[in-house]
Structures are given as C-alpha cells and as structure tokens.
Amino acid sequence: MANKQVLVYKGFERFWHWMQAAFIMFLAFTGFEIHGAYSFLGFENAVRYHNITAYMLIGLVIFAIFWHLTTGEYRQYLPTFKNIMAQLDFYLFGIFRNAPHPTKKTLLSKLNPLQRLTYFFLKIVLIPATILSGLVYLFYRYPSRNAIDAINIGSLKPVAIVHTAGAILLVTFLVGHLYLITTGTTVTSNLKAMLTGYEELEEEEVVEKDGEKP
Amino acid sequence: MIRTFIVFGFAVLLAAVSVSLVAPRDMDKPLLMELKERYSRKHPPKVDHSKFEELNRTFSSPSEVTRECENCHNLTAQEVMKSSHWNWEREEYIPGRGIVYLGKKNAINNFCISGKGNEQSCGKCHIGYGIDSQGRGFTDSANIDCLVCHDNTETYAKAPEKAGAPLETLDLNNIAKSVGRPKRTNCGVCHFLGGGGNNVKHGDLETAMFEPDRALDIHMGVDSVNMQCVDCHRTERHNIAGKLYSLSSMNLKRISCEDCHTGTPHEKDILNEHTIKVSCQACHIPVYAKENATKVHWDWSTAGKLKNGEPYVEEDEMGNHKYMSIKGSFVWKKNLKPDYIWFNGTASHYLAGDKVVDPSKPVVLNQLFGSYSDEDSQVIPTKIHTAVQPFDPVNRTIIYPKLYAPEKGEGAFWKDFDWKTASAVGMKEAGLPFSGQVSFIETKMYWPVNHMVSAKEESARCEECHSRSDSRLAGLTDFYLPGRDRSPLVDIGGKWLLILTILGIAGHGSLRILVSLKGGRKEASDGE
C-alpha cells in the first residue's frame, strides 16, 4: 500500500479548532474561579475575562457553523452506528494487540464512528447548552445603562447548575480528547495532523469513496 | 478568496467585541462633578437675625424666645406641631395590623426600653419644653424649642432631667440672634447621643460625625464635600425627609442614594446590574462604628448590683461603660461589618401590650420585611442590637419599667433598684396590666446603616460576597449567589466523573505502554 501526505484539516478548520480549544480552556479556568473553586485572578477580573472570552467564543462558533454549512463539512459529524462496536472493541482490546484501526480515515470520512457520535453530542447538546445557559446567566436581570431590561426568572440556580454541569462535562471531554490524540497511527500523528493539516493516509483510500477493507 | 474573507471578518468581529468590552466608559463623572458643585454651594442666610431689634433683648425664659420667633414666623408653629419631632409619634400603616400611631411617645426598644413615664429625663431630646407623661407640653406652641435645631452658635444645650428645658446658664440673646439653617451639630446632639451616650444606638451616627473626615464619611467629610444632615434630609415646611425603621413602618418619605446618584451610577454595567437587588449602602458602607464603638448588646438582667449600697460603673478597655448598676451590662464593638438583610421598606413593630408567642426565642422588636423573591426588596446593611430586658412571664408582655424619677421612693429603678416596683409603677403609667412577676427576655432590633459611606476604593470587593467561605451574605440563603453557592450533586458528581476518567486513562495508557514494550515478541508470536 502506498501512503501519501494529504491535507486533512484545512486552514480555517485548524484555526477554529485551536481557537476553540484555547477559549474553552480559558473559560474553564476563569469559570471555575467564578464558581469559587480557587482564587487566582480575583472574582471581578475572572468574571470580566470570562465574559469577554464568551463573546469571542460565540463569534467563533458562528463562523464555524457558517463554514461547516457552506462547505458541507458538517456531514463529517452525522452519527453512524456502523462499525461502532468494532471501534469500541478496538479501544478496549485491539489497541493492546497492535490491531489496525477498524475504520479508515479518508478525506470524506475523517472521523471514526465514536468520534462522530461524541462530537455530534458536543456540538448539538453540550456546547449549545453551556453557551445558552451562559447567555441567560449574563442577561438574567441585566440592566442596560439607563434602563433596566430584565429576563425575569425566579431563580438563577437551575441556570447555574446547567452551566456548571456543562463546564464539567466539557473538561471531562477535554481530558479524554487529549488522551485519545495519542491513539492514532503513531502516538503523535493525530497531533501533527491538527497542527500542520497534513496526515499520511493510504493512497487508495483517498481515491475510493467508501474505503471498505478488502 | 472566501477563506480570506472569513478570516478577515472574524478578526474584525474579535476586535469589535474586545474594544467594546475592554474600553472604559466614563459616564458618571459629569454627574459626580455636578453633585459636588451643587452641594459645595454656600447657603447665605436670607435675613440677618442679629439685626432685628426684637431679638436684641434679654430673655428670661426660652419660651420668650419662641414667642419672639412666632411674632414673625406666625404660621411656623403649625408646621412644627405636625412633625414627629414634636409629637413623638407618626401615623404608620403596619401590614397585617392596620394604622397605628407610633413614636417615641409609646414605642418600646431594647435600649432604655421606653420614654413612657421617663419624660423628665428623655425630654432632653424633645424639640419642646415641659414634656410629661400626661401629654402636657405637646399642645402649647410657646413650648416649641426652636433653638435646639436653629442655634448656630453651637452653644445651646438642654439640661439633663428637666423635661426638655435648656441649661440655665445660656446666653439666650446671643443664641436667638444666631439662628439659621440647622448644622450637623444641631441634629447630632440628639441623634448621635441617643440611648444615653455616644453611638449607643445607631453605630453610624456619633459625635465623630460632627467634624468627620473623608475616610469616616465621604459626603460629610470636612475635607470632602462637607455636607450637612439637611442636605439629604430635605425639609419642606418642617417636614423632614428620611426616617429610621426603629420606629417607621411605611415605605414613604425615604431618602435614597439614587435620588442624587441615579439607579445606574457605575461605569461598569455589571455593577449597575447589582442595584436591582443590592442597596448602595450594602457595598459602600463596608464597615461602621469606624471611630468609636457602638453598643451591640445590653443585658438589663444584671442591673441593680450595688457596692456599699451605692450604684457603680465599670469600663471596658476602650473606655466604654461595661457595667452600670442603673442599666446592666453592655457589649461595645468597633469597626463592625454590618449584618445584611432583605428589606422592602416596610416593617412591623412590637407594640405596647403585644403578647409574645414564644418567649424562648428572641423577640424581634422591629421586624423588617423583605425577601429575594420580593421585587421591592434589596439587600441592606444593618446593625443588630440584642438585649435581655424585663418581661412579664404571666401576661407574656414586655415591661415598660419606670426608670427615672427625681427622688427615691417613687419606684424608679434608677433610684430604688427594684424591678418589681419599677415595673408596677411603669406599667401603671403606661396603662398596661402587670402580673407582679418580672423575668427577662431576649430581644433583637435591626438598625439600618445608612451613614459612614466610604470612598469607592474602600467599598466591598466582589469576593467579599461571592465567596464560599466568609461571604458577607452568608446569612441570606434564599437565593443562588455565584461564587458562594453550588449544587453538591453537580460538583461531587463532576469531581468523580473527572477522577474516573483520569484513572481510566491512566490504566489504558499504562497497559498500552506495557504492551508496546513487549511488542516485538508479541508480533513474532502473532506471525506463527
């Protein structure tokens, strides 16, 4: 089999990925200070930077949604249950026997079934829930300069609980994600691909659309 | 082309958001400058009273001065005689109780308990002469004490235990010629010394406020705007705005910071957002009793101890009375952090003869209403004064004791040191039933703290409330406060989720390392 360096992650995709990673990590760092877990920046600054970063993340997400819709790349995230057991089997057993990945990475399908499912959940449930609860948190009884425009809800508690739970799940995702980076063809191949955009893919898989194993 | 456009658009958006959020906006500076200018203006008198022939004479009694005032100000007595300063009572509406007439005349507190029956002594803080429990002195306009409020020589002083009459040594002629707009000293002589000593009652109103510096009070500081009491307590026809909820019940004629500073005085919107639920005072009076200590506890039950048959006084390390035979034991505190409560401007009061439902719990003498869910409520700072005071355990009523009398043998506690006779005489004068038995009951009063406003640099920091430990608002648990509160389920569940994830990764990762170390042999055996 001939291998070839292929541009898997395009410029905007990498930019989006790393910016989103940085924003989410900084939001978690400031957010858990606001939550009272530790004291580093001071509450006032933590809130200030948290809010600024939140607006920047929302801006980024809007561009990312636009990009995914216009390029059709959103299809990469549509969940499939095909081979999902095989993928689970690989992470639980195959990986220790140096077994090959059960699904092949191609340009049209660069995510494995577990990734698709996880990222789908992330993009459709977790990130929207965290961002929307964050927006309610921000604008809950929020006055503008000379008038008070309020979203009147009885208690901040449910909003805060959704926001905190979302944050904890995102951090958990981040931890798992960081580890699973190392499970590519080599330990660093996934990281390199996300940094440079290029990854070594099997040539015929690039050409064939549904790269079934012979 | 499209990519460049997207990246460019994104950069513009980022820049716009950052600039709009980070750039400082100084909207309130012009207002502050205007306020400083407005309240720095001098108040030149409209007339010079020293030029009036009528006042250039010797007065043999203070009432003669009053008559002379009335000769020109011939409708003013009607205004004064409608005021609570004169009547010692106000019409109040108490939610759930209806209309009551409440004031120093009949109220009960947990300091000197009540003025009733003790008018000779308490009359020192009445704007009249000759007050007594029969109500004499409330009806004759010649008894109005114009001078206590309008003396500008700062020499006028009331005599002790003379039912409101001034000292006999005063130069009434000089004082009458000086009259003008009331100064801090005029108000302070009663309001700073209420309860029988400096700063006994309020905690934020005391003799240091005669000439405060900026650090003590940003508004009244002589090195600041040097505001006088009446600058905020605006007065129209002797009807003075602003009142304290030790006696008031209605959300009427109050003064608020917002009157001048608006409801959104901060540069930062996030601080303005707080004003919906948090009063200005809550953050801007982070500490009170800054100069001298205030009384926080009064135990009447220890009163009456004598040394060699004589009453005595003990002082604490700050020089405040710790024990007085006539009054009992006190606790004084300085530099206090206020107690915070929800308050919507209405209150209820313990009224004469009210039955105490549960004498085992402290009786709140002025219940201030409010809660988080109440749209009219704000968090306000208060001083809580607790006491142990005489109680009739049979009738379950708080006792009005007779404290002061000129002579021994009239039943006054301060002369005879006997609770039973003092209670019997006091309750009779108050027209209340008394069983003959005296026990003691714990009581509590809330004194909203509104003065001793600090500079903005000194105001409470975010984390003083938004903190898990030692939050200023630790006592207000009926709402979710970010930084203070959390859901134990989410936090503990989340912690375990993270721990298990990390453990899983550690196990999985070490197994992979182990396998890859033995990798060579394994591949060989696979090949077989």
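Sequence lines set the chain letters: A, B, ... in the order given, protein chains first and strands last, and positions in each chain run from 1. Every value quoted in this text rests on a predicted model; they were computed, and no experiment measured them. As a basis for the values below, the full set of heavy atoms in this structure was taken, side chains included, without hydrogen atoms, waters or symmetry mates.
Of all the heavy atoms in B:Pro482 and A:Leu156, the pair that sits closest is CG-CD2, 3.8 Å.
Note: A:Ile168 leads A:Leu169, A:Ile168, A:Val47, A:Ile62 in heavy-atom pairs under 4.5 Å with chain B. With chain B as partner, the option from A:Ala167, A:Ala37, A:Ser155 having the largest number of non-hydrogen pairs under 4.5 angstrom is A:Ala37. Chain B forms more heavy-atom pairs under 4.5 Å with one residue of A:Thr182, A:Val171, A:Ile34 than with any other, namely A:Thr182.
Dense packing is recorded around NZ of B:Lys253, with more than 12 heavy atoms of other residues, nucleotides or ligands lying under 6.0 Å away. Residue B:Ile499 places its CD1 atom among more than 12 non-hydrogen atoms of other residues, nucleotides or ligands, all under 6.0 Å distant.
Interface residues of residues 157-164 of chain A toward chain B, defined by a heavy-atom distance below 4.5 Å and sorted by number: A:Lys157, A:Ala160, A:Ile161, A:Thr164. Residues of residues 183-194 of chain A that come closer than 4.5 Å to chain B, counting heavy atoms only, are A:Thr183, A:Val187, ordered by residue number.
Here the OG-NE2 distance, from B:Ser487 to A:His35, works out to 8.0 Å after rounding to the nearest 0.5 Å.
Using a 4.5 Å cut-off between heavy atoms, A:Ser39 makes no contact with chain B at all. Contacts between B:Ser467 and chain A at a heavy-atom distance below 4.5 Å are absent for every atom of the residue. Of the atoms belonging to B:Arg461, it is side-chain heavy atoms, and not backbone ones, that fall under 4.5 Å from chain A.
Applying the salt bridge (Lys or Arg N to Asp or Glu O under 4.0 Å) test to pairs two or more places apart or on separate chains, none has a residue in residues 504-517 of chain B. Screening residues 488-509 of chain B for salt bridge (Lys or Arg N to Asp or Glu O under 4.0 Å), with sequence neighbours left out, gives B:Arg468-B:Asp491, B:Arg486-B:Asp491.
Contact of the A:Glu44 side chain with the B:His466 side chain is not registered, since no non-hydrogen atoms from C-beta on lie closer than 4.5 Å.
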Verdict with reasoning, B:Leu511 to A:Ile95, per side chain to side chain contact (heavy atoms under 4.5 Å, CB included): CA-CA 10 Å; B:Leu511 208 59; A:Ile95 194 167; over 6 Å; no

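When ring centroids are compared, A:Tyr179 and B:His508 come within the 6.0 Å threshold.
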